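These notes are about the structure you will find just below.
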Amino acid sequence: MVGFQQTDIGLIPMDWEVSLIGKQCQIFGRIGFRGYTVNDIVKENQGAISLSPSNIVNGELNLTKVTYLSWFKYEESPEIKIYNGDILLVKTGSTYGKTSLVNNLNRKATLNPQIVVLKNILCNNLFLGYLMKFPIVQNQIESTIVGGAIPTLSQVQVSKFKIPLPPLPEQGAIAQVLSDTDALITVLEKRIAKKRLIKQGAMQTL
């Protein structure tokens with residue numbers, strides 16, 4: 001096709017490139033000897049949030065129910081301190097592949113061993129956050145995941161996943177369109193839910 005090039009991840013525009021996730025960011029996880037036990041779990045205000053797969057809901061970070069880890073364990077692994085703009089990926093367990101871009105985080109947080117974090121992102125982080133959710137990455141996860149009792153991805157495997165990468169300004173434009181679309185869908189869903197409640201109330205009145 002004119003204006004497109006065939007790559008091993010499919011057709012992409014001529015001015016796009018195929019890159020590896022590991023070339024666009026650094027990937028960190030909790031190192032084995034820096035794991036933690038129940039003795040390291042503390043009450044709120046006595047430590048930092050330890051994010052788990054259950055804190056990723058529908059592609060968003062959800063802090064409704066969290067576990068807290070001692071300040072010592074938080075400071076022990078500075079490479080996995082979580083900040084806005086980071087991208088989380090569940091690498092272990094039945095919910096492997098769940099992912100979320102971190103935003104609006106105003107509390108100190110770290111990771112449990114089931115999650116890795118993508119940091120120091122060179123491409124547009126919102127664009128990469130969407131790619132992580134799309135089949136282009138999720139299919140690679142499915143074809144790579146190690147079976148057995150506990151499905152597991154390694155950080156090296158994640159770093160070798162291939163992604164289509166447009167020029168940086170185009171990454172931002174695409175990400176903004178996708179973000180605006182998500183926002184519109186959220187508004188419409190709330191309106192639909194409100195209309196349903198109104199309908200239910202009217203039916204009960206009748």
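From a predicted model like this one, the values you see are computed outputs, not experimental measurements. In what follows, residues are counted from 1 in the order of the sequence shown.
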*Measuring from N112:CG to S52:OG, what's the distance to the nearest 0.5 Å?*
5.5 Å
*Say whether, by atom type as modelled, one donor and one acceptor occur between the side chain of Q171 and the main chain of P166 under 3.5 angstrom.*
yes
_The criterion is ring pair (Phe, Tyr, Trp, His ring centres under 6.0 Å); which residues satisfy it with Y74, sequence neighbours excluded?_
W71
*Identify, with sequence neighbours excluded, every residue that meets salt bridge (charged side-chain N to carboxylate O under 4.0 Å, His left out) alongside K98.*
none
_ILVMFWY clustering at 4.5 Å (side-chain atoms), partners of L122_ = none
*Is there a donor-acceptor pair closer than 3.5 Å between any side-chain N or O of Q46 and the backbone N or O of S70?*
no
_Quick check: is F134 connected to V18 through a chain of hydrophobic side chains (ILVMFWY, heavy atoms under 4.5 Å apart)?_
yes
*E75: side-chain hydrogen bond (donor to acceptor under 3.5 Å, both in side chains) partners, not counting sequence neighbours*: K81
*Linking Ile, Leu, Val, Met, Phe, Trp and Tyr by side-chain heavy atoms under 4.5 Å, what else ends up with I56?*
F28, V42, I49, L51, L61, L63, V66, Y68, I80, I82, L88, V90, V102, L105, L111, I115, V117
*Short side-chain to backbone donor-acceptor contact, Q138 and M132, under 3.5 Å*: yes
*Pairs involving residues 122-137, ordered by first then second residue, that meet side-chain hydrogen bond (donor to acceptor under 3.5 Å, both in side chains) (sequence neighbours left out)*: Y130-D182
*Would you sort out whether S77 and R30 count as a side-chain contact (heavy atoms from CB on, under 4.5 Å), showing the intermediate values?*
CA-CA 7 Å; S77 300; R30 182 168 290 280; 4.0 Å; yes
